[in-house]
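Written out below as structure tokens is the structure these notes cover.
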Amino acid sequence: MSAGDIPITTSPAVAPTDLVQPTRWIEGSPSLHRITTDIAQPMEARPGRGWWICFGIASAALLNLLGMVTYLFAKGIGIWGLNNAVGWAFDITNFVFWIGIGHAGTLISAILLLFRQKWRTSINRSAEAMTIFAVMCAGLFPLIHMGRPWDCFFIFPYFPNQRGPLWVNFRSPLVWDVFAISTYFTISLVFWFMGMIPDLATLRDRAVGGIKKFIFRILSMGWNGSQRTWSRYEIVSLVLAALATPLVLSVHSIVSTDFATSLVPGWHTTIFPPYFVAGAIYSGFGMVLTLLLITRVTMNLQRYITFNHLEAMAKVILLTGSLVGYAYATEFFNAWYSGNVHERFHFINRATGPYAWCFYLMVLCNVLTPQVFWWKRARRSIPVLFVASILINVGMWFERFVIIVVGLHRNFLPSAWGMFYPTVFDIGILIGVFGLFFTLFLLFIRALPMIAMWEIKGVSHD
Amino acid sequence: MKVRVIVIGFAALGAGGGLLARGATRIGVHQGYAPEQPIAFPHKIHAGDNQIPCLYCHSGARTSRHAGIPSASVCMNCHGLIEKQTTEIQRLKEAVQQGRPIVWNKVHNLPDFVYFNHSQHVISGVACQRCHGAVEHMDRIEQAAPLTMGWCLGCHRSEAHVPTSTFARVAKNVRDRPTPFAGEDCTSCHY
Amino acid sequence: MNRRPACEEAETAATAIATGSPLVQIGLPTGTRSTGFEASRRDVLSLMGFSLGALGLGSGCRAPVQHAVPLPAASTEMVPGVPNLYATTCGACSASCGLVVKQRDGRPIKIEGNDASPLTRGGTCAAGQASVLSLYDDARLRGPVWLGNPVSWEEIDRHIKTMLNAGSGDPRAVVLLSQTITSPSALAVLNDFRVAFPSFRHVVYDPMSLAALREANRLAHGAAVVPHFRFDRARVVVGLEADFLGTWLAPVEFARQWSRRRTADGERAFHVQCESGMSVTGSNADLRLAIAPSELGPFAVALLAAVARRVSDDGLAGLRGAGLAPDAPHAAAIDRIADALARHRGEALVVTGSNDVATQLVVAKLNALLGGVGKTVDLEQPSLQRQGDDAQVADLIQQMNRGAVRALIVWGANPVYDHPDGVAFTAALKKVPLTISLADRRDETGAHVRALCPDHHFLESWGDAEPVRGQFSLRQPLIAPLHDTRSGVESLLVWAGRPTDHRTRLRDFWQRELHPRALGAGPFEGFWERSLERGVVEMPQPAVAVHAFAGDWQGAVRDIVTRGGRPPTEAYELALQETVGARDGRHANNPWLQELPDPITRLTWGNVACIAPATAAAQGITTGDVVTLTTEVGKLELPAFVQPGQERRTISVAIGYGRWAAGKAGDGVGGNVFPLVRVENGLRRASAPVTLSKTGRRARLAPAQTHFSMEGRDIVQTMALGQDKHEAEHEHEHEALPNLWRERLHGAHAWGMSIDLDACTGCSACVVACQAENNVPVVGAEQVRKSRIMHWMRIDRYLEGDGEDVISHHQPMMCQHCQHAPCETVCPVLATTTSSEGINQQVYNRCIGTRYCANNCPYKVRRFNWHNFTANDDFPFNMTSPLGRLVLNPDVTVRSRGVMEKCNLCVQRIQLAKNQALLQRRPMADGDVATACQQACPTGAIVFGDLADAQSRVSKLLAGRRAYRVLEDLGTRPNVGYLKKITSKETT
């Protein structure tokens, strides 16, 4: 099949020793049928206890989210800890955090595809799913953080409107966000769905239940595994990959302009776009790692998500983590080198002010943690990987919190300085969104093939 | 067959969207609103047949932001002398005798966040009919214009003869009959 | 969403007035209006809430029916929508400043100063500005109350008269207890009362007493008067514990006088302030010394000695040894001050608020010695305020206990709350058969009386005032009484058996007593009409007979020296302090004043125990620790506040807090410090020895500002006196910094503002004025704690140095109206843009509340509506009360939840002025528009105008050498500029 004629290359992310004999990306050499049954099994068998426990917790958190957002709309954002000095805190922190998470998907599916990275095959599907869900979570916040969410449609440029017409402010990064994120979401969704069509066809053919068959028939869009279909399919995926690749860079660059184009000390800096992109990929891989480590066990897919995959991801994390650390250092250097009194004060305050603990937590998690991956044994140890991935997620959340809140709570006029203290609603919504994310993901692994069968098959017999 | 399905689907979508958009732009627009009034007062007879100038009754429009609805006593200036009696005039006189105010139904309602000043427009020579329609032909007053922001801006843009960025317009207002001083700033109407 | 009291509501008001129907209906509109009002708001909200859903429904939704109710009979005076201005007299305190009140559709909505007043020249104070809200206070009595039951005036009069007349010939006294009454006509009425009841006595007291000053002047000059101080004639001013710029005597008038001599040129006056706790006056002094209340006497003596040595024209020099206590505080500074004073004989003024006769006598001697009498100290046309006599009150309480009083009428006073012997007074009240309170509410005293006969609010009543001899001012009602109240004067007349309505009575008095003295006033009719229109009249009165200083000052010095200086060092002293917001506590239920940040502590909603940093450190006390203050007469628990500039051994506490029967907003806010001091030999003390102890508990204060250091940034800029003359300096200023934005071309106007940091005293009148003009909501202590205070204008306070010697700055800060506005570029929906006239405009109905603009505003002047402050029972202040809503300005949108707001340079006033010019067919002239803050400012620190007109005042000021912009190097190009503060270390 077409995947076969992809020239065998070795991943640059693999240690030199592996160059001698190519890395095997699947344990043992299961038959193609075996692969299909293994991967289809989570959808066809009853879910295990592990899945039910996770789902219970996640959906509870989701319910809590629904309740709190309802109350938020009823009462207004006064129920949060925000104030005149600190106008953004948990809301935008969560937004940037989830957008960041959403980056690994496109990176893995698009860029690694273009680079012909075989090891992506086992993880790209779930990574893409994660992207979709993460962007959904992120998209929630621009809406609910508004003072008057019922007027949110003001932010879209549309005609006709009664107001003159009155347009939006194209100079405002928030408007750029609207375009960037909606584009990113659309492309990711299409890409994800495209990638699934062959597998959906497989499921359609395997399906016994009438309704199930019917749904999969519609979704697989009359796929017949003919040579013609495959070749067109290949082209389309490449084109989509090419389309999606720039988005990996653009989305978070634009999100970073929310801060970079302002004049708030600590926000107002040109390093933000690359710095945010690196951070996004970093946090994205952190989250992918967390998810795969759980699912490969709960869904016993150890054979398809191998230590080699994990190690490859660990290496990416090490790289991007170091990039992020470098960015932190640069920020401080620039503050000192610029000689700007407000910039200098901001960074002194970041390291010694009331929120210093957040700063040090962030450095610890984001800069020091990944350094363990210099050691091969760490890269191949489940516990280390798991703890590290969690720490990275925590650290990346605090990175955004530090940037936003420390930037705002003490800037130009000391008379207007203030503090931000989260309320129960800030924290509740933070947790609730994780509930939304995991609920969606858990449903996904039950409903759709979380590993691309057809791609796996492509790398199964090297 | 498939093609037809797709075509129909898209057509349906398009139509739906169009309706939605149209509906959306009509929200809060009460053009044609013509409520019953406690006294069926015919502008047709007063402003039309009898040529009573608008500002005789709505004198507030000269000096105030509110054109104002005339006090019953103002009506009696004439109706004290006119013999013609109808039930409506009877109602008016009762109200006057009892010194009780008449509760009219407001026809032209702007949102609370809009500041509109009648005197500003009257002195700028905007005819009442431009916003209120051909009142002299109406038996019962109805809202002629949509009164949307876009509609206001229509005039404010076209009428801005003299660019805002000069004293010329003010000077002109001093010299001869004031020409419209149509601001396009948000704070012309919103504060 | 944003509710502007619709015109029909106003018209109902008008109707009610015109038809004389009970005005209670205005705010609580009955029938259709009320439902219409409610319905519309709910509906509009839901319309917003479900506008998305509505998309689906298309144009399914209908707006609620609104009504328009014209006056039944046309009024020539009132055109709905057109404001009327009436001159009247302020009743917020005894200073009785001249006012011009803006009446809109029949209800007073804004208080402004009366430019015609020779005393205030259009200035007002925070309390005065806020007093319009007290008119619409829900806590006011709706009518007379007898023994706790609402009754008719006829009935209550019957009761009272029978009891009063029962014992005709009864020797027991009929007593009227009041604070100082400055109204000549009212005082005349008391004479009628005296005729009716021979045993009548009038007892006067003041919460901050100056009895000693009058006594000292009696001893020194033979006239027991409070002099009319003339700060405008003084080149050197020394204030001893007298906050004359903030609260003392006539702050508005004094602030104006003071600022007129605080010019940037060589003629500038030198101001020394010696006080225990930091006051508004102290924070503006050129030289400030922290001295304890007990040091005041010795300090005055030392100063007298030092001055005497320099101008020794009589044998004073010898006194040096005797008078000067060995450990004279601030000996060096005293020499410096004495030099200054001596150099400006005849132009020097020393004032003290001390209520100790000896000290006052020494100060009187000082002024005499410096040739101030007749120049800076006017005894012949004295002030008529603070006529209180503490001895009489003490005496009255004894008489009441002895049963020697058969009737007690309390008018404009609240002794149970604000007298040191309040408890004793309460007990004594029970011994009096007939007790009457004329207070507007059932206050602390009212709770213990038989009859409550509520007086009008001053905006509802007639009256007059003579705050300074020969300076008369008239009061006229701006609205028919809202409730079934009756003017106190009328009540007295009725009980005296001479029922007359107040207006007639007042008119007759002026015709009989004052008109003859008004030289060349022509016939009375014209005189009366003119006076009413102008509000103030100057009528020279025969001078009070005084003689040259002849007091026994040696005796006074001896007293002070023998009494000794400060108590042993481990003892602390409590000092009562009057603050601009709370004043003496009578306005406690006024949420505007409760939420007004104190210019010194920047705290709202409550008072604190101000402690010096050194002391706090020694005692291990930090701001927020609850401490117990114990004097020999009482104890009080208060949160501590570490206050730089505070005298080391003194703990200052603001009076006017801790009321328990003021109303919803005022009850239980802070602690009442009045009972902690004593009345000693007939004089109310303002200080007392106190012990300080920690409770271990902590309190949560509600500060509007938490950080007082400028962190070395160029925010408040100063220049040395005379520096602005040097041509060489500041040349580089005002040359535009490079900017990436295209230059913004202004349109017909470019509105701008100049704020003189040298003239601003921080009195905060502008803050309340802005709140009143722009419908700024009150948010309550909890929200202030979360730093969500809504004031569009705030007065930042910065301190340089700490300990006792601090330099403080006040900086009014509001939207700077940047021409390259950071807020503007980031708003996604164009809700904030810069208008063609240079105003940074905020469009509430477009705002979706992303708060990006506030984050990006370097001045942090944007305010977000975190809650729906206008329709949410969590905020029980005026905006959620139908009655309180009547104060709202109909020309300004009331903002709803979730939108950003901020200063818009009173654009409604600009638009109105533009329209007036249009109607009069003339171009706008400089001074056509005065913003609310500018109008309120007693020192004229704020100047607003058109920067497009090079000849306008503001253009000239901002072109001057003192002008600068805050955070100029950010390139925001503000249209609001500041004038550097002048620092002068010495006299010129």
Side-chain angles (χ1 to χ4, degrees), chain B residues 19-20 22-30 33 35 59-60 62-66 68-74 95-96 98-106 109 111-115 117-120 123-124 163-167 169-171 173-174 178 181 183-188 190-191, chain C residues 1-4 6-8 12 15 19 32 44 47 51 54-63 65-75 79-82 745-748 833 835-837 839 841 843-846 891-894 904 907-908 911 914-915 917-919 921-924:
Chain B
L19 281 171
L20 213 64
R22 196 190 159 286
T25 54
R26 308 301 297 171
I27 290 178
V29 179
H30 302 305
Y33 174 53
S59 55
R62 222 185 263 103
T63 54
S64 166
R65 54 181 283 207
H66 307 305
I69 294 180
S71 306
S73 62
V74 175
V96 174
Q98 300 161 7
R100 118 182 97 78
I102 302 163
V103 181
W104 299 93
N105 294 327
K106 249 171 132 244
N109 298 309
D112 293 329
F113 50 74
V114 177
Y115 180 94
N117 190 320
H118 273 91
S119 64
Q120 211 162 352
I123 187 131
S124 304
T164 355
S165 60
T166 61
F167 285 112
R169 182 181 293 130
V170 181
N173 285 333
V174 185
F181 192 151
E184 284 177 54
D185 290 329
C186 310
T187 44
S188 304
H190 299 299
Y191 44 81
Chain C
M1 54 166 264
N2 307 322
R3 176 106 205 140
R4 182 204 300 267
C7 66
E8 67 269 21
T12 338
T15 320
T19 55
T32 56
V44 171
L47 188 60
S51 52
L55 280 174
L57 304 173
S59 60
C61 42
R62 273 255 156 270
V65 176
Q66 292 187 29
H67 300 288
V69 186
L71 294 164
S75 145
V79 181
V82 177
L745 301 167
H746 62 73
T833 54
S835 81
S836 68
E837 299 183 347
I839 298 170
Q841 49 197 359
V843 188
Y844 312 120
N845 43 305
R846 178 67 171 171
D891 290 343
V892 175
T893 308
V894 173
N904 56 17
V907 63
Q908 65 279 6
Q911 292 296 73
K914 273 158 74 179
N915 197 37
L918 190 60
L919 293 181
R921 309 189 172 203
R922 59 169 177 84
M924 295 198 61

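Convention: sequence-line order gives letters A, B, ...; per-chain numbering from 1. All heavy atoms count here, side chains included; hydrogens, waters and symmetry mates do not.
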Over all heavy atoms of both residues, which pair between [X] and [Y] is shortest? Give the atoms and the distance, please.
X: B:Ser64; Y: C:Pro80; result: OG-O, 2.6 Å
X: B:Ile102; Y: C:Pro70; result: O-CD, 3.2 Å
X: C:Ala73; Y: B:Ser73; result: CA-OG, 3.6 Å

Query - Side-chain (C:Thr893) to main-chain (B:Tyr191) donor-acceptor, under 3.5 angstrom - result: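 A pair under 3.5 Å: yes.
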May I ask you to test the [X]-[Y] pair for a side-chain heavy-atom distance under 4.5 Å?
X: C:Arg921; Y: B:Ile123; answer: yes
X: C:Thr833; Y: B:Cys186; answer: yes
X: B:Gln120; Y: C:Leu918; answer: yes
X: B:Asn105; Y: C:His67; answer: yes

Report task. Could you pull out all residues at least two apart from C:Gln911 that satisfy side-chain hydrogen bond (donor to acceptor under 3.5 Å, both in side chains)? Result ->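 Residues passing side-chain hydrogen bond (donor to acceptor under 3.5 Å, both in side chains) with C:Gln911: C:Lys914.
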Query - Counterpart residues, side-chain hydrogen bond (donor to acceptor under 3.5 Å, both in side chains), relative to B:Thr187 (two or more places apart) - result: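 Checked B:Thr187 against side-chain hydrogen bond (donor to acceptor under 3.5 Å, both in side chains); matches are C:Gln841.
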**Report entry** Between C:Leu919, C:Ile839, C:Val843, the one whose heavy-atom pairs under 4.5 Å with chain B are most numerous
**Finding:**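 Answer, by heavy-atom pair count under 4.5 Å with chain B: C:Leu919.
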